[in-house]
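To start, the structure under review is shown below, and the notes come after it.
Only a predicted model underlies this, so the values are computations on that prediction, with no experimental measurement involved. For ligands, and for the atoms within them, numbers begin at 1 and follow the listed sequence. Quick note: residue numbers are just sequence positions, from 1.
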Amino acid sequence: MQPSGNRVHLETTLRNCVSRGRVLTSPAQLAGYDTDGLGYKEYRPDAVVIPADTDELIRVLQSARQLGVPLCFRGAGTSLSGGPVAAQGGIIVHTSALRAIRKISPEGFWCEVECGVTLNQLDEALKQHSVFYPPDPSSGPVCTIGGNVATNAGGAHCFRYGVTSNYVLGLEVILLDGSVHRFGGPAGGRGRWREDWKRFMIGSEGTLGAFTRFWLRVLPRPEKVWTFRATFPDLITAEKAIHGLVADASYPVAIELMDPRCVAMVENSPMAVGLPVDSFMLLTEIEGPAALVDARVESVAEILRNAGSRDVVYSDEAILRGKLWKARKVAGGLMGQLSADFVVQDAVIPKRALAELLQLVYDEADAAGIRAVNVFHAGDGNLHPNFLFDSRKPGELEKVELIGKRLMQRVVEVGGTLSGEHGIGNDKAAYMPLVFGPDTTRLQLAIPAVFNPRHQLNPLKVFTERRFTP
Ligand SMILES: Cc1cc2nc3c(=O)[nH]c(=O)nc-3n(C[C@H](O)[C@H](O)[C@H](O)COP(=O)(O)OP(=O)(O)OC[C@H]3O[C@@H](n4cnc5c(N)ncnc54)[C@H](O)[C@@H]3O)c2cc1C
């Protein structure tokens, strides 16, 4: 927090940068920005600014630089890693007003969007042109393309299609000095906008600059989709099905797993869709030309049965398919509603270690008396153990942190890594030395040294060393 004299100066300066009503400073207004999806870690910003356009955003950045105040960008604030929070106080720049879809080129298979466009908003617009943008985080109704690019977001269908970085042809970024740079464009790294520095930008978690515009690759919408759900009595049979699906020539587009605790949680909520409880539930999908996928349906069902499923259901009908996906997609939000606090880890592991690591999660959590619920992108080996707890109860947070540390150590031992899609933020920054030694850390820190040398943008994120000193 800034001293009160400085806060008045900060507020006056910001009000001169943007149009009326776009600077928030009252405690009630700021409270909504204290946390991201991890509600238990709170940091109060000194001010929130909602620029109406890029000119206003440029003025805010330049002023923050002159004032020597930390600054953090925020899309929808759905991050699950402590990304869009003011860890050292200062300014939060909320990008919600920059939400125009500027162009869709169905014949060129690209679109141009502003950073505050939400994923579902983009999907609705693309539908009319029979194309789609594949990355699909479950937070799609609210999360923004800016947040997706900054975290290199994934999602259920990224098993087949790949994550956000595979779809960013170009981006516009504004640095702290207000200079505007464009890396790539509709023609990717070719043509007029040759530099492929966008690769440095994607996944940089708001530590290098403000992304304002993107050129994204889109694909033709698949003609036909079949969705399957299969229940399994235990982890071993569920893992066998995952291996079977990954190796199959029908090449599913998504392979998701919900554990019995997660299924029960959905079924005991107003979001219930009638799933059988007490089993692991695997959700998978194939899509493509109708004749091709229709011919593959039975063989996919057979893989699921051969692995040990007692109950395989599949459909190409929109309402039933929608219900199955609803169960999967609401699960994350429900944890936040049902528990005082929750932490979700985002480890990636080789798929051969799935059953072992999940068992470790249950054993550690049960021994500590903490509720653990699993729902994750199984095809990618992207585990999402959710630990439900109450940070007001003495010792609970410490127990969860200890479980997280032990889990991450084992993840690294089996050849995995810390994040598949949520990013590092400040929640996982302490684990970075488990994966990166001093030499690699030095190289990685050389990148912010070029763009944001004093760590004024999103300090204390990704690396604990990134502290801003005015
Ligand atoms: C219920 C639920 C389900 C989720 N499911 C998934 C999932 O399946 N896959 C997945 O990958 N994630 C998932 N997430 C996590 C989260 O939704 C993603 O990380 C998403 O990309 C964040 O987008 P956002 O707009 O909310 O960004 P924010 O949370 O606001 O910010 C995220 C990071 O991006 C930076 N940032 C935001 N906008 C900009 C910008 N314009 N310029 C520079 N930096 C910027 C912020 O500083 C921060 O570091 C889920 C979250 C929830 C709550």
Can any side-chain N or O of Lys461 pair as donor or acceptor with the backbone N or O of Asn426 at less than 3.5 Å? no
Sequence neighbours left out, what pairs pass ring pair (Phe, Tyr, Trp, His ring centres under 6.0 Å) with at least one residue falling in residues 445-470? Trp197-Phe451
Validation row, ring centre Tyr314 to ring centre Phe228 under 6.0 Å: yes
Gly423 to Asp346 - nearest heavy-atom pair and separation: N-OD2, 4.0 Å
Close-range residues for ligand 1, whose non-hydrogen atoms fall below the 4.0 Å threshold: Phe73, Arg74, Gly75, Ala76, Gly77, Thr78, Ser79, Leu80, Gly83, Pro84, Thr95, Cys115, Pro137, Ser138, Ser139, Cys143, Thr144, Gly146, Gly147, Asn148, Ala150, Thr151, Ala153, Gly154, Gly155, Glu205, Gly206, Gly209, Ala210, Phe211, Gly332, Gly333, His377, Glu421, His422, Asn458
Spatial distance of atom CG (Asn120) from atom SG (Cys143) [nearest 0.5 Å]: 8.0 Å
So, do Tyr161 and Phe132 have ring centers that fall under 6.0 Å from each other? yes
